[in-house]
Amino acid sequence: MNFFKVIFLTVIFFGSYVGAKPVLKDSQQTYYSTCISGDLAAEKKLEFCQAALSEPTLSPGQRLDVQVEVGDALYSLDRFDEA
């Protein structure tokens, strides 16, 4: 019985973490605009940029802008292999 409790709690905990997107503070903002704004810490910028990449409405140029910002954020976090 304990085994099933552990599995259940693990699924609940990690399931909610994986699907979560960062919260936008203003209804006029998008993940893209927040990503390229430049006034975020590297960890937050990475979260918003990764969320922006999952949006289907980005143009190829916008997608490239976001990928550059992701690379910059990873570089700032000393994650050079991923950048």
* Which residues share a side chain to side chain donor-acceptor pair (under 3.5 Å) with Tyr32, sequence neighbours left out ->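 Expected list: Asp65.
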* To do: Please collect all disulfide (SG to SG under 2.5 Å) contacts where either partner lies in residues 32-83, sequence neighbours excluded, each pair once.
  =>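 Output for this query lists Cys35-Cys49.
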* Sequence neighbours left out, what pairs pass side chain to side chain donor-acceptor pair (under 3.5 Å) with at least one residue falling in residues 47-56? =>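 Of all non-adjacent pairs touching residues 47-56, none passes side chain to side chain donor-acceptor pair (under 3.5 Å).
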* Could you give the distance from NZ (Lys44) to OG1 (Thr34), rounded to the nearest 0.5 Å? ->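 The NZ atom of Lys44 sits 11.0 Å away from the OG1 atom of Thr34.
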* Asked: Roughly how far apart are Phe48 CZ and Ile36 CD1, rounded to 0.5 Å?
  ->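 Going from CZ on Phe48 over to CD1 on Ile36, the span is 13.5 Å.
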Listed pairs under 3.5 Å, donor-acceptor, residues 68-83 side chains, sequence neighbours left out:
unit_1	atom_1	unit_2	atom_2	d
Glu69	OE1	Lys45	NZ	2.8
Ser76	OG	Asp72	O	3.0
Arg79	NE	Glu82	OE2	2.9
Arg79	NH2	Glu82	OE1	2.9
Arg79	NH2	Glu82	OE2	3.3

